[in-house]
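Following: one structure in C-alpha cells, then a few remarks.
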Amino acid sequence: MTEHSIQARTGGRRHGQEPGRGGRGRGLARVGATVLASGLVAAGTLVGATAAAADDVTQHQGGAVAVLDGLKTYGIAQLNNGKGKPQDLPAGLFEMNVDGGGTLKTYCIDIHNPTQDRAKYLETPWDQSSLGANDDAGKIRWILQHSYPQVDDLAGLAAKAGTGPLTEKTAAAGTQVAIWRFSDKADVTAKDKNAEKLADWLQENAANVAEPKASVALSPAAVSGKAGERLGPITVHTDAGQVSVAPPADAAASGVQVTDKDGKAVTQAANGSELYFAVPEDAADGSASLSVQASTSVPVGRVFAGLTKSQTMILAGSSESTVTATATATWAKKGAVPAVTAEKNCAKGGVDITASNSGDEAFTFELAGTEHTVAAGETSTVTIPVGEDEAYDFTITGPGGFKKNFKGVLDCETAGTPAPGDGDGTDTQTGASPSPVASTGTGTDNGGTTGTDGDLAATGGSSATPIIAGVAIALVVVGGGAVFMLRRKKPQISGE
C-alpha cells in the first residue's frame, strides 16, 4: 500500500488565545514566545483513492488577483486607543495592480494590521473576511458608493455633506475614517476639519446595502466522475455581461470538451450558465481544467484579502480589469473518484476541506483523530481548525499524480475583541515608521503635514517586518509536522 501525504504548515497561535479570537498588536516578544509554544493545527490520516494528472492551484473562488502598489492618496487621521496621546496615521486610498491588466483602488478595513510590501491579494467573499460577522458591512459599501472616488465631483460632495472645500486627499481621508468606524469600531477622527465633517456625514447617513456579486467565480471548483460522462454542472457567477471559456490545454489530444447540458461546445458564458466537462469514454484516468475570463470593472465593495498576512482591503474603484476563475475535473474507470475543494470558514475558525465522491467505492479519510467516510455519490466537509491570523498551506496528493494546494491566511476578525488578559484590544500594528509601500509627497493635509515624513505611524507597513519574516520561517518549521495521509481504501490483506 502506497501512502501519499497532505502536508499542513501553519503559524503559531497567540498566547492565551483560542482559535478564531481576535486581538492584534500584542508585541513582538509575545509573537516570538508563541512560535516556540505553538502546537500543530491538525493531524490525522486521509484515506482514499483516485487517479488523476497533477493539479496544483491555490485556494481562490475566482475573481481579480492583484499586487499592492502602495498608499497613494491620503490625509492624516488620529486613532484614540485609550492609552494616552492619540496616534497619527495616514488614511486614504491604496492602489493595486491586477494580474493580467487593470488597476484597483481600495480602502482599509483592518486598521490594526500592517500591509506587507508588494503583497498579493485575492478577491474574496464577505463571509470569508471580518465583514462576515459585521452587521454594519452593508453600511461600508454605502459609504463607498456615496463618496470619493465613486463620487469625483468634490464640490458637489462637499455641498451635500456640508463640509467646506474638499481635495482628493481630504475626501479620501474622511472616507477612510468613516469606514474604520464601521469596520473596526475604531475611535478615529480626521485631522483636517472638512475631512472630519465628511466622515461624520457618511457615518450618520450610511444605510445597509447588499454584498456585491463576484466579478467572476465558478461553483463548485472541482467535480469528478467516470469517463464517457459529462462531469458537472459547474455554475458561472459573474457581474460581467459575458465571460470567455477556455477549454483544457490538452483538449485536442485528450478529446475533453467544455459543453453545456446538451453537449454543445461552449466558448462563451454568462451569469448562471452551467458548464460541463465532456470526457470521452476511452479516456485514460486523469484530470483537466477549464477557465473563464472577462475584462470588467470589479464591483465596488468586494473584499480583497492577502494571500500572505497583510491588511484586508475593500474595493472603492476599478478600471477595466482581467478577472478569472478555474475549475477542475477528475475521472477514473473504477474505485473512489473524489473531488477536493477548500474554503475559509470564519464562523468555525478554520478551513473547510470538502470531498465529494463520484466513484463506485467509498472514500474514507481520517482527520484529527476522527474517521470520515464519503459514500459513492455523496459529499462530506471537514473543518480544519486554524487560529486567527495564522497562515496555512495544505498540499493534498494522491495516486496517479493527484495534487491540490490550498493556502492563505485566516483573517476573520479585527482587533476589536481582545484575547483574555490582553487589555482592551485597541493596540494597533500600524508601525512606528513610515510604510515602505506608501508613496512620498502625496499625503499632505491642509495643515501641512506630510503623510510619509515625520513621526507618523503608517497602516501601510511596519518596522517590525524583518522580525515577522523571521517568525514566518519558524512557523514553517513548526507547522511542517502536521501530516495527513491519502491512500486507497482496500480490504486488509497480508503484508499491507
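Counting from 1, the numbers follow the sequence of the chain as shown.
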Taking the side chain as everything from C-beta on, heavy atoms only, tell me whether [X] gets closer than 4.5 Å to [Y].
{"X": "K264", "Y": "T259", "result": "no"}
{"X": "L410", "Y": "D389", "result": "no"}
{"X": "V409", "Y": "Y392", "result": "no"}
{"X": "T296", "Y": "V323", "result": "yes"}
{"X": "V340", "Y": "F406", "result": "yes"}
{"X": "E211", "Y": "D127", "result": "no"}
{"X": "T381", "Y": "I353", "result": "no"}
{"X": "M313", "Y": "T115", "result": "yes"}

S356 and T379: side chain donor to acceptor below 3.5 Å |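 T379 and S356 do not have a side-chain donor-acceptor pair below 3.5 Å.
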Once salt bridge (charged side-chain N to carboxylate O under 4.0 Å, His left out) is applied, do any residues pair with [X], and if so which ones, sequence neighbours excluded?
{"X": "R141", "value": "none"}
{"X": "D136", "value": "K139, K185"}
{"X": "K105", "value": "none"}

Starting at [atom1] of [X], measure out to [atom2] of [Y] and round the result to the nearest 0.5 Å.
{"X": "L315", "Y": "Y121", "atom1": "CG", "atom2": "OH", "result": "13.0 Å"}
{"X": "N113", "Y": "D411", "atom1": "CG", "atom2": "CG", "result": "6.0 Å"}
{"X": "I140", "Y": "L202", "atom1": "CD1", "atom2": "CG", "result": "12.0 Å"}
{"X": "T312", "Y": "I111", "atom1": "OG1", "atom2": "CD1", "result": "13.0 Å"}
{"X": "D110", "Y": "L131", "atom1": "CG", "atom2": "CG", "result": "10.0 Å"}
{"X": "E95", "Y": "S319", "atom1": "CD", "atom2": "OG", "result": "9.5 Å"}

Side-chain donor or acceptor of [X] paired with backbone N/O of [Y] under 3.5 Å:
{"X": "S129", "Y": "W126", "value": "yes"}
{"X": "T175", "Y": "A171", "value": "yes"}
{"X": "N345", "Y": "A347", "value": "yes"}
{"X": "Q203", "Y": "R181", "value": "no"}
{"X": "T124", "Y": "L122", "value": "yes"}
{"X": "N194", "Y": "P165", "value": "yes"}
{"X": "E390", "Y": "G387", "value": "yes"}
{"X": "E123", "Y": "A64", "value": "yes"}
{"X": "W180", "Y": "L79", "value": "no"}
{"X": "S287", "Y": "T330", "value": "no"}

Over all heavy atoms of both residues, which pair between [X] and [Y] is shortest? Give the atoms and the distance, please.
{"X": "L166", "Y": "A195", "result": "CD2-N, 4.4 Å"}
{"X": "K197", "Y": "G162", "result": "CD-O, 3.9 Å"}
{"X": "P212", "Y": "R302", "result": "O-NH1, 3.3 Å"}
{"X": "A316", "Y": "V300", "result": "O-CG2, 3.8 Å"}
{"X": "A206", "Y": "F182", "result": "CB-CE1, 4.0 Å"}
{"X": "S147", "Y": "L157", "result": "OG-CD2, 3.9 Å"}

Sorted by chain and number, sequence neighbours left out, ring-ring contact (aromatic ring centres under 6.0 Å, His included) with W201 holds for none
Is the CG atom of D153 crowded by more than 12 outside heavy atoms at less than 6.0 Å?
-> yes
side-chain contact (heavy atoms from CB on, under 4.5 Å) with D192: of T170, T167, L198, only one passes, and it is T170
Donor-acceptor pairs under 3.5 angstrom involving side-chain atoms of residues 231-248: please list them, not counting sequence neighbours.
{"unit_1": "H237", "atom_1": "NE2", "unit_2": "S219", "atom_2": "OG", "d": "2.8"}
{"unit_1": "T238", "atom_1": "OG1", "unit_2": "S215", "atom_2": "O", "d": "2.5"}
{"unit_1": "T238", "atom_1": "OG1", "unit_2": "A240", "atom_2": "N", "d": "2.9"}
{"unit_1": "Q242", "atom_1": "NE2", "unit_2": "Q268", "atom_2": "OE1", "d": "3.0"}
{"unit_1": "S244", "atom_1": "OG", "unit_2": "Q293", "atom_2": "O", "d": "3.2"}

So L218 and T326, side-chain contact (heavy atoms from CB on, under 4.5 Å) or not? Walk me through it.
-> CA-CA 7 Å; L218 295 171; T326 301; 5.6 Å; no
Residues in side-chain hydrogen bond (donor to acceptor under 3.5 Å, both in side chains) with S273, at least two apart?
-> none
NZ/NE/NH1/NH2 to OD/OE distance under 4.0 Å, [X] and [Y]:
{"X": "E388", "Y": "K309", "result": "no"}
{"X": "K72", "Y": "D69", "result": "yes"}
{"X": "K191", "Y": "E196", "result": "no"}

